[in-house]
Amino acid sequence: MHESRLARRVSDAAGELLKRSRTVAPVEVFVRLGWLRTATVDEWRQGRHDHLHAAMAVRPDRIAAALRALRAWAEANGLEPAETPYPAATRDHRELRFTASGSAAAERDHRTHWLSPELTPAQRERLAARQAKAPDLTVLMPAGDWTCGGCHSPGGLQVIEDGAPLCLDCADLGHLVFLPSGNAALSRRAKKESGLSAVVVRHNRRRKRYERRGVLVEEAALERAEEQCLADEDARARRRDRDRERRAAEDAGFQERMAVEIVRLFPGCPPGRAEEIARHAGLRGSGRVGRTAAGRDLDENAVTLAVIASIRHLDTGYDALLMSGVPRRAARDRIRADVDAALAAWRRRP
């Protein structure tokens, strides 16, 4: 019975992933199941965990059962297996381990991605090339103080080598200069010009993920990239204007479709409210539910979450409770009945 329930959860997670990207990876299924956080996967790829299972609070037999369920679901749906490399984002690009034992069969099960038969040969080739590409060397911008494992001095940016935190000098990266994020063309060109480079990331505690903060590149490479950017600055400005107009049109179309879906799910929604919710939830760069993969796919649950958020803030005393010092979870508990009543009313046809 327990495995049957797990199989249903695995099939639901895999189905969502297949709809989004036409490929399904076991690691992504584990994230969907709540067994892994995206930030933990990033740390594993950075070489901060000996193996992936060490970062999972799930018994190995449960993981094995999930992999069996994933294979059964994939084969039943005609998906095709493709063993995928997992190089670490470290200097040596060593192959990452999934299990404590390192069993060849178990490692292969974790590395096997399942591909949609609808992928064209060209799409398969691009996918394989992207997966085979070695990841960028990753450098961490720590949130607190730490001590270098090499020179034992207070550290700044941090590199993990053989499980030990090192400063840039001890990691032989001290000659590189830091280029903050913000100018995509300059960063891309500087990285391309640099024989040695690294991506700098920092953990965002609120969003529970690692975010890119810039790159480390050779100083001469940065100077060449700056010259290239100056040479075609006008052309890039015109391209940015065209891209801005294209994105605005895409956003307007998406928000219109989302408003239509809100009205379909909640025919009693007050006039104009669906458009308001869609504009708010679908704002580019907001990080709101409308910008998630599920939101962009107009998944019913994601759309419902956007509606709930709107009702919570505009039709209940939730914001006043927060301002009066009531903890967020307690405030949500207090207004849950009001939210449920509003949802029930909105679901009824006028």
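Below, each value reflects all heavy atoms present in this structure, side chains not excepted, and no hydrogens, waters or symmetry copies. For this chain, numbers begin at 1 and follow the sequence in order.
For residues 10-31, the set of pairs meeting the salt bridge (Lys or Arg N to Asp or Glu O under 4.0 Å) definition, not counting sequence neighbours, comprises E16-R32. Pairs passing the salt bridge (Lys or Arg N to Asp or Glu O under 4.0 Å) check and including a residue from residues 262-283, sequence neighbours excluded, read E261-R264, R273-D315. The list of salt bridge (Lys or Arg N to Asp or Glu O under 4.0 Å) pairs with a residue in residues 115-130, not counting sequence neighbours, reads E80-R124. Contacts classified as salt bridge (Lys or Arg N to Asp or Glu O under 4.0 Å) and involving residues 132-155 (residues at least two apart or in different chains) are given here: D136-K191.
Considering every non-hydrogen atom in both A330 and V326, the closest pair reads CB-CG1, 3.9 Å. In plain terms, the two heavy atoms of L168 and V159 that are nearest each other are CD2-CG2, 3.9 Å. Scanning all heavy atoms of the two residues, the minimum distance from C148 to C167 falls at SG-N, 3.3 Å. Nearest heavy atoms, A55 versus T40: CB-CG2, 3.2 Å. Minimum heavy-atom separation, C151 to C170: N-SG, 3.6 Å. Shortest non-hydrogen contact noted between A190 and A221 is O-CB, 3.7 Å.
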The test is side-chain contact (heavy atoms from CB on, under 4.5 Å); show your working for L173 and L166 and say whether it passes. CA-CA 10 Å; L173 299 176; L166 300 178; over 6 Å; no
Evaluation steps, side-chain contact (heavy atoms from CB on, under 4.5 Å), between S181 and S187: CA-CA 7 Å; S181 298; S187 296; 5.8 Å; no
Report the C-alpha separation of L186 and E226 in whole Å, then their side-chain angles, then the decisive distance to 0.1 Å, and conclude whether the side-chain contact (heavy atoms from CB on, under 4.5 Å) test is met. CA-CA 6 Å; L186 180 60; E226 289 172 336; 3.7 Å; yes
List the steps, then state whether salt bridge (charged side-chain N to carboxylate O under 4.0 Å, His left out) holds for R202 with E211. CA-CA 5 Å; R202 186 169 190 172; E211 297 178 341; over 6 Å; no
Let me see the working for F98 and D109 under side-chain contact (heavy atoms from CB on, under 4.5 Å), right down to the final yes or no. CA-CA 10 Å; F98 293 88; D109 287 342; over 6 Å; no
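Proximity of a side-chain donor or acceptor of D297 to a complementary backbone N or O of D299 within less than 3.5 Å is not detected. Between the side chain of R97 and the backbone N or O of A100 there is at least one donor-acceptor pair closer than 3.5 Å. With hydrogens and angles disregarded, no donor-acceptor distance shorter than 3.5 Å links the side chain of S310 to the backbone of V307. In this structure, the side chain of H51 engages the main chain of A54 through a donor-acceptor pair within 3.5 Å.
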Return a table of donor-acceptor pairs under 3.5 angstrom between the side chains of residues 81-88 and protein atoms on other chains or two or more places apart.
from : atom 1 : to   : atom 2 : distance (Å)
E83  : OE2    : R111 : NE     : 3.3
E83  : OE2    : R111 : NH2    : 2.6
T84  : OG1    : A82  : O      : 3.2
Y86  : OH     : H113 : NE2    : 2.7

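Centroid-to-centroid, the aromatic rings of H203 and Y210 come within less than 6.0 Å. Ring centroid separation for the pair H53 and H110 comes in under the 6.0 Å cut-off.
A single hydrophobic cluster is not seen to contain both V41 and V201; linkage of ILVMFWY side chains at heavy-atom distances under 4.5 Å, directly or through other members, places them apart. Under the 4.5 Å side-chain heavy-atom criterion for ILVMFWY residues, a single connected hydrophobic cluster contains both V58 and V27. Placement of L70 and V31 within a single hydrophobic cluster is found when ILVMFWY residues are connected by side-chain heavy-atom separations under 4.5 Å, directly or transitively. No chain of hydrophobic side-chain contacts below 4.5 Å, direct or via other Ile, Leu, Val, Met, Phe, Trp or Tyr residues, connects L140 to F178. Cluster annotation: V303 is connected to W346 through the hydrophobic network of ILVMFWY side chains, with a link wherever side-chain heavy atoms come within less than 4.5 Å.
Proximity of L67 to F30: side-chain heavy atoms (C-beta onward) are separated by under 4.5 Å at one or more points. Annotation: side chain of Q46 is not in contact with side chain of I160 (no heavy-atom distance under 4.5 Å). At least one side-chain heavy atom of R257 sits less than 4.5 Å from a side-chain heavy atom of L298. In this structure, R59 and I63 have side chains that are not in contact, with every pair of non-hydrogen atoms separated by 4.5 Å or more. Residues R213 and P180 fail the side-chain proximity criterion, which asks for heavy atoms closer than 4.5 Å. Residues Q255 and D251 meet the side-chain proximity criterion, which asks for heavy atoms closer than 4.5 Å. When side chains are defined from C-beta on, L18 does not count as touching T23, because their heavy atoms never get closer than 4.5 Å. Proximity of L321 to R334: side-chain heavy atoms (C-beta onward) are separated by under 4.5 Å at one or more points.
Among residues two or more places apart in sequence or in another chain, the salt bridge (Lys or Arg N to Asp or Glu O under 4.0 Å) test is passed with R336 by D333.
Between L343 atom CG and I308 atom CD1 the span is 5.0 Å, to the nearest 0.5 Å. Distance check, rounded to the nearest 0.5 Å: OG of S116 to CG of L127 gives 11.0 Å. Taken from OG1 in T38 to CG in D42, the straight-line distance is 7.0 Å, to the nearest 0.5 Å. Interatomic distance, CG of L179 versus OG of S197, reported as 11.0 Å (0.5 Å rounding). Atom CG of L222 is separated from atom CG of L176 by 11.0 Å, given to the nearest 0.5 angstrom. Note that CH2 of W146 and CG of L157 are 8.5 Å apart. Values are rounded to the nearest 0.5 Å.
A salt bridge is absent between D241 and R238: the closest approach of a Lys/Arg side-chain nitrogen to an acidic carboxylate oxygen does not fall below 4.0 angstrom. Checked for salt-bridge contact, R189 and D232 meet the test: a charged N lies under 4.0 Å from a carboxylate O.
Partner of D243 under the salt bridge (Lys or Arg N to Asp or Glu O under 4.0 Å) criterion, out of R240, R239, R246: R246 alone. Put simply, the residue from N77, L115, L17, T112 that forms a side chain to side chain contact (heavy atoms under 4.5 Å, CB included) with V24 is L17. Under the side chain to side chain donor-acceptor pair (under 3.5 Å) test applied with R224, the options E218, E219, E193 reduce to a single match, E193.
In the displayed structure, D50 atom CG is contacted under 6.0 Å by at most 12 heavy atoms of other residues, nucleotides or ligands. Heavy-atom neighbours of Q123 CD from other residues, nucleotides or ligands within 6.0 Å: above the threshold of 12. Within a 6.0 Å radius of CD in E43, more than 12 heavy atoms belonging to other residues, nucleotides or ligands are found.
For R312 and Y318, the positive end sits near the middle of the six-membered ring, less than 6.0 Å away and at most 45° from its axis.
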